[in-house]
Asker: 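Below is a structure I'd like to ask you about.
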Amino acid sequence: MINCPICDSPSYFFALKKDRFGQEYKYIKCGQCRFLFDEDLVLDKGKLQAKTSKVYQEDYFKIIDSGWKMRGDKISKIINKFLKIYKFIKYRKKLKVLDYGGGNGYITSKIAPFFDVLYYDKYEKPTYFSNYTVLEKPAEAHIVCAIELIEHITDFNEWDNLAKLSFNALLFTTELSDEISDKELTNWWYLNPDAGHTSIYSFMALYLLAKKHGFVYFFFPSKSFHIFLRNSFLSKINFVELEYPIYNIFRKIKHILKRSHENIF
């Protein structure tokens, strides 16, 4: 038994996976918040970092993650829309945006140039450039973006770093395990050590993380897009718990309409 790093509840062995190099990943699932994680996230982060570092070979973006550019185009559009709305609401002349864990810099380069855009990644250097500043160490910003990052973390203290850097909001993407049975979850495409996915979240797990750091949590399921907004008072309200059932109703209606359309034609 291992205690969950999010809610400190008892967590138990869930599944054993191997990556393409034969390295083993023992996934543990929290019985309370349903956070699913490699046991070394808690027991030995150095060992976990060593395992995942072997996964990110030169062929990673060709064999394992060939759709990165298409997703980058989609998510950068969402980020820009949010930033424009936020700037209008807050009436800020200058908005500092940090792309934390920016990887090759593709998404960073797509963030609108009229924002003060910063790039930081402790493992990589950017190969896509535009009007943004490359940092040697992370800096505080009004908005922090962490795109396709949190499922890859090997040190849970990364969440503390993200929370400290974000003055007003944290934007990130990840898939959630909610509405997936344990049997399906075992073979779920996202539970994939070859992709470096060492942490799989539920909406309850993310709500608890948001609450801990004084954020309100909002989730846009169709886009796998998540927003933490800084507000210590409202952070105590689980808006996603209200939002998610409504989303599921609309999803079921959409599915029924789609099937009806297919049957007609």
Side-chain angles (χ1 to χ4, degrees), residues 1-17 25-45 48 52 144 146 148-164 166 169-193 195-248 251:
M1 187 186 73
I2 298 174
N3 281 6
C4 173
I6 292 179
C7 68
D8 201 36
S9 298
S11 304
Y12 304 92
F13 174 79
F14 180 76
L16 177 66
K17 296 276 186 175
Y25 297 74
K26 293 181 181 178
Y27 286 97
I28 309 299
K29 188 178 182 184
C30 175
Q32 187 65 31
C33 74
R34 303 186 304 279
F35 180 47
L36 185 62
F37 57 97
D38 184 288
E39 67 174 9
D40 285 326
L41 186 67
V42 173
L43 298 181
D44 191 344
K45 63 182 181 182
L48 184 57
T52 56
V144 173
E148 298 190 1
L149 172 77
I150 65 167
E151 62 270 21
H152 295 270
I153 65 170
T154 54
D155 183 350
F156 210 71
N157 291 326
E158 200 89 53
W159 275 105
D160 295 329
N161 296 334
L162 288 169
K164 290 174 183 175
S166 311
L170 172 62
L171 315 180
F172 60 96
T173 59
T174 198
E175 299 284 343
L176 299 187
S177 62
D178 298 286
E179 308 301 324
I180 302 175
S181 68
D182 282 357
K183 184 178 180 180
E184 293 172 319
L185 189 57
T186 303
N187 298 308
W188 189 32
W189 66 273
Y190 205 66
L191 187 62
N192 183 7
H197 294 175
T198 56
S199 300
I200 307 294
Y201 301 81
S202 67
F203 75 74
M204 178 57 70
L206 290 177
Y207 160 69
L208 292 174
L209 280 168
K211 181 181 177 182
K212 174 186 175 183
H213 295 293
F215 290 102
V216 187
Y217 172 40
F218 296 100
F219 173 38
F220 299 87
S222 63
K223 307 295 183 185
S224 300
F225 189 73
H226 308 260
I227 299 175
F228 283 6
L229 291 177
R230 180 79 68 182
N231 191 307
S232 297
F233 177 72
L234 292 179
S235 68
K236 299 175 178 62
I237 303 173
N238 190 347
F239 288 101
V240 175
E241 192 170 36
L242 302 173
E243 171 192 355
Y244 209 81
I246 297 172
Y247 163 73
N248 280 332
R251 185 175 64 174

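As the structure is a prediction and not an experimental result, all values here were calculated from the model. Sequence positions, counted from 1, serve as the residue numbers for this chain.
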Asker: Please round to the nearest 0.5 Å and tell me the distance separating atom CG of Leu208 and atom CZ of Phe203.
Answerer: 10.5 Å
Asker: What pairs with Asp155 under side-chain hydrogen bond (donor to acceptor under 3.5 Å, both in side chains), at least two apart in sequence or on another chain?
Answerer: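 Partners of Asp155 under the side-chain hydrogen bond (donor to acceptor under 3.5 Å, both in side chains) test: Lys45, Asn157.
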Asker: Could you go through the side-chain contact (heavy atoms from CB on, under 4.5 Å) check for Thr52 and Asp38 one step at a time?
Answerer: CA-CA 11 Å; Thr52 56; Asp38 184 288; over 6 Å; no
Asker: Taking atom CD of Glu158 as the centre, does the number of heavy atoms from other residues, nucleotides or ligands within less than 6.0 Å exceed 12?
Answerer: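 Counting other residues, nucleotides and ligands, CD of Glu158 exceeds 12 neighbours.
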Asker: Just jot down the ring pair (Phe, Tyr, Trp, His ring centres under 6.0 Å) partners of Phe13, sequence neighbours excluded, or say none.
Answerer: none
Asker: Might you point out which heavy atoms bring Glu151 and Glu148 nearest each other, and give the distance in Å?
Answerer: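 Between these two residues, the closest heavy atoms are OE2-CA, 3.4 Å.
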Asker: Side chains of Val42 and Ile28, heavy atoms from C-beta outward: is any pair under 4.5 Å?
Answerer: no
Asker: Report the C-alpha distance between Leu149 and Leu162 in whole Å, list the side-chain angles of each, state the deciding distance to 0.1 Å, and finish with yes or no for side-chain contact (heavy atoms from CB on, under 4.5 Å).
Answerer: CA-CA 11 Å; Leu149 172 77; Leu162 288 169; 4.3 Å; yes
Asker: I need the minimum non-hydrogen distance between Tyr201 and Ile150, along with the two atoms involved.
Answerer: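 Smallest heavy-atom distance, with atoms named: OH-O, 3.0 Å.
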Asker: From Ile2 CD1 over to Ser9 OG, what is the distance, rounded to the nearest 0.5 angstrom?
Answerer: 14.0 Å
Asker: Within the 4.5 Å heavy-atom criterion, are Leu234 and Leu229 side-chain neighbours or not?
Answerer: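 SC-SC contact between Leu234 and Leu229 ruled out.
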Asker: If you take all heavy atoms of Tyr217 and Ala210, which pair is closest and at what distance?
Answerer: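 Answer, listing the atom of Tyr217 first, then Ala210: CB-CB, 3.8 Å.
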Asker: Can you tell if the side chain of Asp160 reaches within under 4.5 Å of the side chain of Lys212, non-hydrogen atoms only?
Answerer: yes
Asker: Just wondering, do Val216 and Phe233 contact through their side chains at under 4.5 Å, heavy atoms?
Answerer: no
Asker: Can you tell me how far the CG atom of Leu171 sits from the CZ atom of Phe225, to the nearest 0.5 Å?
Answerer: 4.5 Å
Asker: Please enumerate all residues that pass salt bridge (Lys or Arg N to Asp or Glu O under 4.0 Å) together with Lys29, with sequence neighbours excluded.
Answerer: Asp182
Asker: Roughly how far, to the nearest 0.5 Å, is CG of Asp8 from CG of Asn3?
Answerer: 4.5 Å
Asker: Applying side-chain contact (heavy atoms from CB on, under 4.5 Å), run through Phe220 and Ile227 and close with a yes or a no.
Answerer: CA-CA 8 Å; Phe220 299 87; Ile227 299 175; 3.5 Å; yes
Asker: Hey, is the main chain of Ile200 close enough, under 3.5 Å, to the side chain of Tyr27 for a donor-acceptor pair?
Answerer: no
Asker: Just do the side-chain contact (heavy atoms from CB on, under 4.5 Å) check on Leu36 and Ser177 with the steps written out, would you?
Answerer: CA-CA 9 Å; Leu36 185 62; Ser177 62; 5.8 Å; no
Asker: On the 0 to 90° scale, with breaks at 30° and 60°, tag the Phe37-Phe35 ring pair as parallel, tilted or perpendicular.
Answerer: parallel
Asker: Say you draw a straight line from CG of Asn187 to NZ of Lys17; how long is it, rounded to the nearest 0.5 Å?
Answerer: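 If we round to the nearest 0.5 Å, Asn187:CG and Lys17:NZ are 5.0 Å apart.
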Asker: Strictly distance-based, threshold 3.5 Å: is any side-chain N or O of Arg230 a donor or acceptor partner for the main-chain N or O of Leu170?
Answerer: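 Checking the backbone N and O of Leu170 against the side chain of Arg230, no donor-acceptor pair under 3.5 Å is found.
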Asker: So, using salt bridge (Lys or Arg N to Asp or Glu O under 4.0 Å) as the criterion, who are the partners of Arg34 when residues are at least two apart?
Answerer: Asp178
Asker: Calculate, to the nearest 0.5 Å, the distance between atoms CZ and OG1 belonging to Phe14 and Thr186 respectively.
Answerer: 4.0 Å
Asker: Heavy atoms only: give me the nearest Leu176-Ile180 pair and the separation to one decimal.
Answerer: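 Closest heavy-atom pair between Leu176 and Ile180: O-CD1, 4.1 Å.
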Asker: Under the salt bridge (Lys or Arg N to Asp or Glu O under 4.0 Å) rule, collect the residues that match up with Glu175, sequence neighbours excluded.
Answerer: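 Glu175: no salt bridge (Lys or Arg N to Asp or Glu O under 4.0 Å) contacts found.
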Asker: Would you please name every residue forming a ring pair (Phe, Tyr, Trp, His ring centres under 6.0 Å) with Phe172, sequence neighbours left out?
Answerer: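 Per chain and number, Phe172 pairs via ring pair (Phe, Tyr, Trp, His ring centres under 6.0 Å) with Trp159, His226, Phe228.
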Asker: Evaluate the side-chain proximity of Ile6 to Leu209: yes if any heavy-atom separation is below 4.5 Å, no if none is.
Answerer: yes
Asker: Is there a donor-acceptor contact under 3.5 Å from the side chain of Lys26 to the main chain of Asp40?
Answerer: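 Answer holds: no.
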Asker: Which atom pair, heavy atoms only, marks the closest approach of Cys7 to Cys30?
Answerer: SG-SG, 3.4 Å
Asker: Donor-acceptor pair, Thr198 side chain versus Ile153 backbone, under 3.5 Å?
Answerer: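 Yes: the side chain of Thr198 pairs with the backbone of Ile153.
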Asker: If only atom types and distance count, is the side chain of Tyr207 paired as donor or acceptor with the main-chain N or O of Lys236 below 3.5 Å?
Answerer: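 Yes.
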